Visitor: 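Have a look at this one before I ask anything.
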Amino acid sequence: MLRYTIQRLILMAITLFLIVSVSFFVLHAMPGSFIDDPLMPKDVKEAIEDKYHLNDPMIVQYKYFLKDFLKLDFGVSIALQPKVNVNKILATKIPFSVQVNIFSLILSIPVGLILGIAAALNKNKIPDHVISILIILFISVPSFVFASLLQYFLAFKLGWFPIVSSVEKALTWNKFVSIFLPILALSFGSIAGIARYTRSELGEALNSDYMILAKAKGLTQTQATIRHSMRNSFIPLANIIIPMFTGILGGSLVIEKIFSIPGMGSVMIEAINAKDYPVAQGVLFWYSLLGLLTILIVDLSYGIIDPRIRVGGRKE
Amino acid sequence: GKKDNETDGKQDVDVDDSKKDDEEVAEDQGPVVFRITGGKTATLNPHIYKTSAEAGTMSYIFGNLLDMIYDKDIDNYKLIPNHAVDLPTKNEEGTVWTFKLKEDLKWEDGSPLNARDYEYSYKMLLDPKLKNSRGPQVFDSDIVVVNAKKYWDGECEWEDVGIKALDDYTLEITLEFPVPEMDLYLAFTGGGASSPVQEKIYEAGMNEERTETDYGTSKETTPSCGVYKLEEWVRDQIKVYVKNEYSPIKDVYTVDRIESRVVEDENTNVQLFENGDIDVTGLSGPNYDKYAEDPRLVFAKSTTVWSMFINMTSEEKPFLQDVNFRKALFYAMDRKTIAEDIFKTAIPAPYVVSSAKVAVPSKGLTYRETDVAKSVLPENDGYDLDLAKEYFDKAYEAYGKKMEVEVQYFDNSEQMKRVAELLEQDYENAFGPDRIDIQLRAVPWNNAYDNMESGKYDLGFGGWAGGIFNPWSSMEVYTSGFTSKIDQFKSEEFDKLYERTVKGDLIFKEQERLEALAEMEKMLLDVVPFVPMYEPVSAVMYADRVHLITEGKWIPGVGFGVLQSHFDPLE
Amino acid sequence: MKTENGVKSENKFEFIQIEETIIDEEFEGEAIGFFQDAMIRFRKNKASVVSFIIISIIIVMSIIGPMMNEYDFKQQNLKLALMPARIPGLEKLGIFDGTKKINVRKTSIEEKYKDSLIEIEKEYRVGNTDMATIKVDMYKHRGVKDKYFWFGTDSLGRDQWTRLWRGTRISLIIAVLSMSINIIIGVIYGAVSGYYGGVVDLVLQRISEILGGIPLMVIVILFVIYYGPGIVPIALALCLTGWIGMSRMIRAQFFKYREMEYVLAARTLGASDRTLIFRHILPNAIGIIITMSALAIPGAIFSESFLAYVGLGIQAPEPSIGVLLAEGQQVLLEYPHLTLFPALTISILMISFNLLGNGLRDAFDPTLRGQE
Amino acid sequence: MKKEDTVLEVDDLYVTFNTYEGKLHAVRGISFDLKRGETLAIVGESGSGKSVTAKTIMGLLEKNATIERGKVLYNEMDLLELTDHEMSDIRGSQISMIFQDPLSFLNPVMKIGKQITETLVLKQNVPKKEAKERALKLMEAVGIDQVERRYNQYPFQFSGGMRQRIIIAIALACNPEILICDEPTTALDVTVQAKILELIKQIQKDRNLSVIFITHDLGVVANVADRVAVMYAGKIVEYGTVDEIFKDPRHPYTMSLLCAIPDLETDPNARLYAIPGAPPNLLYPPKGDAFAPRNKFAMRIDLEEEPPMFKVSDTHYAATWLLHEEAPTIDFEYFRSKILDKEGETARQRRNYTEDERPILEVKNLKQYFTSGFGKKKLVVKAVDDISFDIYKGETFGLVGESGCGKTTTGRSIIRIYEPTDGEVYFKGKLISGNLTKEDRKEITRSIQMIFQDPIASLNPRMTVKEIIGEGLRINKLCSTEEELMQRVYDMLEIVGLRKEHANRYPHEFSGGQRQRIGVARALIVNPELIIADEPVSALDVSIQAQVLNLLNDLKNELDLTLLFIAHDLSVVKYFSDRIGVMYYGKLVEIADSDELYNNPLHPYTKSLLSAIPVPDPDYERTRQHIHYDPSMHDYSKEKPEMVEIKEGHFIYASPSEVEEYKKNL
Ligand SMILES: Nc1ncnc2c1ncn2[C@@H]1O[C@H](COP(=O)(O)OP(=O)(O)OP(=O)(O)O)[C@@H](O)[C@H]1O
Ligand SMILES: Nc1ncnc2c1ncn2[C@@H]1O[C@H](COP(=O)(O)OP(=O)(O)OP(=O)(O)O)[C@@H](O)[C@H]1O
Ligand SMILES: [Mg+2]
Ligand SMILES: [Mg+2]
């Protein structure tokens, strides 16, 4: 296991390096400059760009980049929060997204599971149809429509919640109430995802041979379902739930904008639009790292959850 | 707290306001709080800030030698000394200006502030290693400080630069050429690049190579020398300002505390306003419809005239070189519809210089109010379909085949898109879709400018902001030598006239200078390197508790004077 | 347990086929091929058939819808901007009747809304001004009582019905285009990777992993900047990483089927790699391909609408569902009709395509063959 | 036997399934009873409704099933009327079931021990500790070694045979009264099967269990059953004691079945009896006797009226009109002579090759290793480890051995589906295991063909029969015109006993035997000289297995084919092959003429294999002794074993000292 993990980590490092390098060139190939003041004289503009080596040949820029990158330093932002270290920017923004995302996770995992289980147990009956339609609705209505409607009706019209998130840093009850709507809006998608996955996995597990054996042993349908089907159908769920856990560091562009949460959601697109290469590169790196780590964690966790891999051999 | 009226019916805002009407509410109800929203602040480093939102913040927290306020008596703006004892004096040629500073000036933390801080600040602003983007402000704008550019470029010593602290309380500025008083005053008014930075913090934040400083990136690194100081700053979320007790002019302002939330979604903003959570909201397009008849509406002008630039030197599309074609575009533009139906509050603008620009500072008179300017104006907002068709026929005849043009617009503006869509229809209808074919192209906005600079476009929207008080220097963008030129207009005559009005003999000749401006405007309108479209006017709504000191009138330079206004206390 | 019960009959008890050689019987009925079989099973699945019909209707509407009234998708009339929906028939029920609530000064009721006023809902004061919320027949107010904008108009006074169907068409074209390209690339990539396995597979998988690691946004923005936001660039942008999922599925299929006995059988007959890939292995993936396609279409429509939301939508004045939604969202509360209809359309499309995909999956699943 | 002894009674059970194609009549009114302590075997070909019957009793039918009518009486209760919850009290503790496929029925992520004790703890409130003890005992009883360690392992760590035993242990955990075994050994090797059968019998004796034993293997039936019920097309056509069924069958289907199986005694020169035709389609249950269309002795009435159960003796009943007083009397001997007489021409000429004749296929030191993983985890499976043998023109070489011993791999290495790791293969004197030119390769692929085991998996479900058969011609460009191709396909279909009309059909429309014949046709159409038949009949029912074997034999004679015949069923191999090689874990342990091997098995593994084969003769089965083979009996640490010709044509893999030993036995 350890050896395998190390192998994977090395492979991951290589992949990551390639991603970062490719995106470096892609990013710098974008036309335009981070200085968007059209009134600024050309020579002044170039002088400022020179300070960041932006007019050097790409390969030279890449060398500069690599030098810092190897120390995991992406330099300072040049447009979004000029002169602030990229890693520091992320460190200040992430907590806001995390708060919302964690609660969204706490909400969507059980709800998603319950919906999924209910649907699987009642396959092709009314509850299944209702849940399936709900799931597709959750997936198909764009989140900005949901978020706007929630804000308008629950916060503005009914006044049950504040319109925008509270500014308290600590997570008080007050703060929680104020981020409840974004949590809700954010959860619809993951609830639907989990429910859909659970439904199909559990549905499959319910029809499996070992369920027949379990019932032949004398277990009731409920006992058999809980003791045999559930466990088996939850193993593949790691596939979508673990990425959700690592996904809590990211934010949602739309929802954060509507509820005024200063989180990660818009950083990437703003950085790209503003040609803030260091920030874009930094976000990209950390996200890719996270993404690859997630894949690794999923794979390794299968090794832990699934005895077929844990005890030896590989999954067929 | 702002959000604990959860249980109140929201309609309260509309119905129950009657009790607020009796203005004579007892004073002394605690600090006067003004609650606003705004966009994100990238930085509060006065040497590199970019957006007007940042400029706004800086005007609260960074003082300067002078300040501009609303004066009830003259019902207009007024310059008052802030850190300076009085307005500066100048030498005979009008190139050396001397400010005397007050003696007990202090930074937010109580440490003394004097002319040396100013000198240090300019030194840093122009530092060749720091390469601050606001540096050009002292060598590429209305005033040009001696050797500033050279120093910025690293080509001379600081001693050679025309900014000196003669002693602790005297600051001397040496200019390359004389400028009108107002231009100089304005250069040292309000918070911004010309405000001082606090040396110890600026230096402490400096990196080893002295190429970056973290000044103005957090509350701790943003010391105030203005009327307000930062009490709290959570990036992209909230800023709270409170009165700075050391400010010499703090009593001019009535507001004690400003709370500013970052809200980027306009619907959210309006809901917050209706909910009584904030005191002011802007209204655009469809949101404006809802309040079109609301008595709380006030309107603010802007210095930009948005225009449709024409690539008049295009080789690819030679018909763009034909002035008849460009004139056809000019006269076939239904500016009224654009202004009133798309932007709702905008003003149709068949001219170059915005109606917000002040041309006679002494009288507070705007250029458009002057008679010379009025003489330039075409009739009916320049909308004349018959004339347009006449011009077009000529152009069409000369070109001989169907004209295909592309309009580029900014991809982040729904309304610009609508203008483009409207123009496409109007032009095709006016000239016949068989003769002209208009295509649209959305472009990220700084790419749009890049395209126009490099002449890679046919038609494209754009506009120049420029200062409110110097319409002449704003003409620089149309001169041949301007480096970031987005139009293709080139005229020696125009350049000469421009030189004369900003650096030459006309500087101090009020009337001639006005006429010269009109002349330049006329040149542009004759050649039509761009078709002026409209002048945006923003609709703003203040809560009932805000009793604007200007009574809703927008004053150049000070807007509605909100911070000087009377506020009802919060419940 | 039954015992004998006498049955009497004469020559019933003679052998009838003792001398014949018994050969295999002929089958009754038509030969049913794999696709036919799938079709039969598909047809039995009511939900999928209904969604298929709905999708067909939407497709037909996206073709003829824009021609069903006198308006053109880009014909503007700013005097009739933002008209609420008015649908003949339904308007009698009080919905989509072309009315709208607005806030006005009380004085203007007399001045401007005298004829079109339906009722005064509420009166209130702002400052010193008397205000009222009134319900107004916007069609009467604007003097076009004879006109019907079924889904209302947008901010340039364009007919939303026409634009919606036109937009649906564009969205579908983008979706189908990107889906087809994704499938072609994904199938070839996955097939090569899965069929040859080993080093080829390792290299190809690394490449796709790296591609997948680059955030889509960067590429999309680049694309739009270079090629403009046309149908093709947007569709291509959605393809840049969109094929990866498909290639993974196909690869898995190839891993599974390349050891199937009938594939080996063809190999022992000397079949070339091409024959094996395209004739023997790939057809197994058809079910998956079709299912994935059906599921990819709503995904693409959805991505397109997200692009539109961040300002990278299709080039104006051309509408797409995403563009309409993004436009609508900004005025969602004031002019809900601009969001309602596109959102309904996208939801119905999503639901239908999902159900269709599920139905197709069941229909093509060989393990379900001949059974339920 | 008295009525009180009856523990279970099934009365007029009728079960249908709803399918897309219509209503499928799987079980059509069957009745039988089960007495205390006895074993009732239910036999019948695939799809005859055996499993459905079992599942109905357990109340575990699929959702699309409908029980149209009937009763299942147990302890005066009608099980069909119980709710699922009530049924769960009966399942496991009173009636238990062992399922056919050991691989998928165990929960893959639950420890073995827990799966055994689960019901004990949950339903019978046995304390965990005691439950564990009972489980350990049970595991021991079913022959699992190191039970303590195994108790905490997971199913995937168990071999198929062991898993099957665990399932038996689970079924027995709650001490049920009735045990239903649904083909508990079909998936297993003969040696493992023998062990498990012994085990079940043992347990039955110990606990006085009643057993319903479902199988299609008559040999197994002869071994285990007290009474036998024969099912055909959803009906019981005959039942009686095991001796009655085997010695005095009355229903033509039973008789045909008994004629169709080869046993070790079957004369290799005689043709097997093959039941012609295909089983009926239960979507449209036939009128009259369902077996009539395939029955040579069908009478007119068989096509018109359904035969009732005729009583033969107190214990023996059969549903055939032949027992009607007016019908001609046909006894088994007559039946056998009549049908075998008809078909009984010589099946096969034994081929004798001359000494100096060069073999058509020479395999020399063939090795095929599979590696997986890399680095320390590298795992090498020596699937084929240094084997050599020759095959001469026209002969059939049989390869037997238990599952996983490398038979398939050998075949595939020869035909170059795998690149051999080492060793040489010569075909007609030409080396074919190295790099080949394109031309040679083409020649080889045409000359050597393969028939696959699984008639479902080996036919592309998306191609018509015509396309499947014609593909070889097309690929090798053996036909110039489309018409010619069609003609050859039609001819081929006829040769394998199918009709021209079948050409446009898809594989799934055919029965197993027909599909396998299509597979044969595909291999033959390119005129190969050598055919590698990889278990061509092991997936087929006995009743159609004969069809394919006969066909192969006929073709071999007609076309002068050489066959490498791979199978694990020794009786089939024995019947079919001239010479036989016995494989054990990648090695060939013995090669000899088939008679020689059968009469004089030398290697202990061969002996064990032979002793394990069930024979469809109850008398023989009662006395049979199974010899166990333990590979640790060889001590190869000092002497290296090698292949030695111990007698002319009889090779054995042994060390010199063992050779001496074996020689003594000759
Ligand atoms: N769930 C089901 N849905 C539809 N048809 C079914 C179902 N289960 C069984 N059948 C059909 O019922 C018939 C009897 O099946 P059954 O499993 O009892 O056969 P069997 O005698 O056990 O055969 P085998 O020896 O192959 O196990 C077959 O034709 C089968 O296809
Ligand atoms: N492609 C492969 N990769 C790795 N191992 C393999 C492969 N094919 C076969 N094996 C292994 O080689 C051994 C021999 O397999 P083979 O299929 O030849 O056995 P067999 O005698 O044909 O068995 P069966 O009777 O089950 O068909 C087995 O242990 C099997 O797991
Ligand atoms: Mg069965
Ligand atoms: Mg095999």
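These numbers come from a predicted model, not from an experiment. In what follows, every chain begins at residue 1, and chains take the letters A, B, ... in the order their sequences are listed.
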Visitor: Which one, B:Gln415, B:Gln425, B:Glu266, leads in non-hydrogen pairs under 4.5 Å with chain C?
Guide: B:Gln425
Visitor: So which bits of residues 129-153 of chain C come within less than 4.5 Å of chain B, counting non-hydrogen atoms only?
Guide: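 Those residues of residues 129-153 of chain C which have a heavy atom under 4.5 Å from chain B are C:Thr129, C:Met131.
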Visitor: Measuring heavy-atom distances to chain C, does B:Tyr409 have an atom under 4.5 Å in its side chain, in its backbone, in both, or in neither?
Guide: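 Contact with chain C is through the side chain of B:Tyr409 alone.
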Visitor: Would C:Arg86 and C:Asp97 pass as an ion pair if we require N to O under 4.0 Å?
Guide: no
Visitor: Sort and list the pairs that fulfil salt bridge (Lys or Arg N to Asp or Glu O under 4.0 Å) and have at least one residue in residues 302-318 of chain C, not counting sequence neighbours.
Guide: C:Arg166-C:Glu318
Visitor: Counting only non-hydrogen atoms closer than 4.5 Å, does B:Asp265 touch chain C with its backbone (N, CA, C, O), its side chain (CB onward), both, or neither?
Guide: side chain
Visitor: Under 4.5 Å between any side-chain heavy atoms of C:Pro319 and C:Phe73, yes or no?
Guide: yes
Visitor: Specify which of B:Arg418, B:Glu421, B:Glu414, B:Glu340 makes the most heavy-atom pairs with chain C at under 4.5 Å.
Guide: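 Sorted descending by pairs with chain C, the first entry is B:Glu421.
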Visitor: So for B:Ala442, is it side chain, backbone, both, or neither that comes closer than 4.5 Å to the heavy atoms of chain C?
Guide: both
Visitor: Between C:Glu334 and C:Lys100, does any side-chain N to carboxylate O distance fall below 4.0 Å?
Guide: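 Result for this pair is yes, salt bridge flagged.
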Visitor: What's the separation between atom CD1 in C:Ile173 and atom OG in C:Ser62, rounded to the nearest 0.5 Å?
Guide: 7.5 Å
Visitor: Quick one: which residue pairs count as a salt bridge (Lys or Arg N to Asp or Glu O under 4.0 Å) with a foot in residues 321-331 of chain C, not counting sequence neighbours?
Guide: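 Applying salt bridge (Lys or Arg N to Asp or Glu O under 4.0 Å) to every pair that reaches into residues 321-331 of chain C, excluding sequence neighbours, yields B:Lys417-C:Glu327.
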Visitor: So does B:Asp277 pair up with B:Arg35, basic N to acidic O under 4.0 Å?
Guide: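 Looking at B:Arg35 together with B:Asp277, the answer is no, because their closest N to O distance does not fall below 4.0 Å.
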Visitor: At a heavy-atom distance under 4.5 Å, which candidate from C:Arg158, C:Lys79, C:Gln75 has the highest pair count against chain B?
Guide: C:Arg158
Visitor: Measuring heavy-atom distances to chain B, does C:Leu82 have an atom under 4.5 Å in its side chain, in its backbone, in both, or in neither?
Guide: side chain
Visitor: According to the salt bridge (Lys or Arg N to Asp or Glu O under 4.0 Å) rule, which pairs have a member within residues 426-440 of chain B, sequence neighbours left out?
Guide: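 Salt bridge (Lys or Arg N to Asp or Glu O under 4.0 Å) check on residues 426-440 of chain B returns B:Asp393-B:Arg435.
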Visitor: Any Lys/Arg nitrogen of C:Glu119 or C:Lys101 sitting under 4.0 Å from an Asp/Glu carboxylate oxygen of the other?
Guide: no
Visitor: Report the option among C:Asp154, C:Ile102, C:Val104 that has the most heavy-atom pairs separated by less than 4.5 Å from atoms of chain B.
Guide: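 Option with the top pair count is C:Val104.
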Visitor: When heavy-atom pairs shorter than 4.5 Å are enumerated against chain C, which of B:Gln271, B:Lys290, B:Glu293 gives the highest number?
Guide: B:Glu293
Visitor: Should the pair C:Glu111-C:Arg105 be classified as a salt bridge under the 4.0 Å nitrogen-to-oxygen rule?
Guide: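 No, this pair does not count.
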Visitor: Where does B:Asn267 contact chain C at under 4.5 Å (heavy atoms): side chain, backbone, both or neither?
Guide: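 Just its side chain gets close to chain C.
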Visitor: Using a 4.5 Å cut-off on heavy atoms from C-beta on, say whether the side chain of B:Met533 contacts that of B:Pro348.
Guide: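 Heavy-atom side-chain distance check fails, nothing below 4.5 Å.
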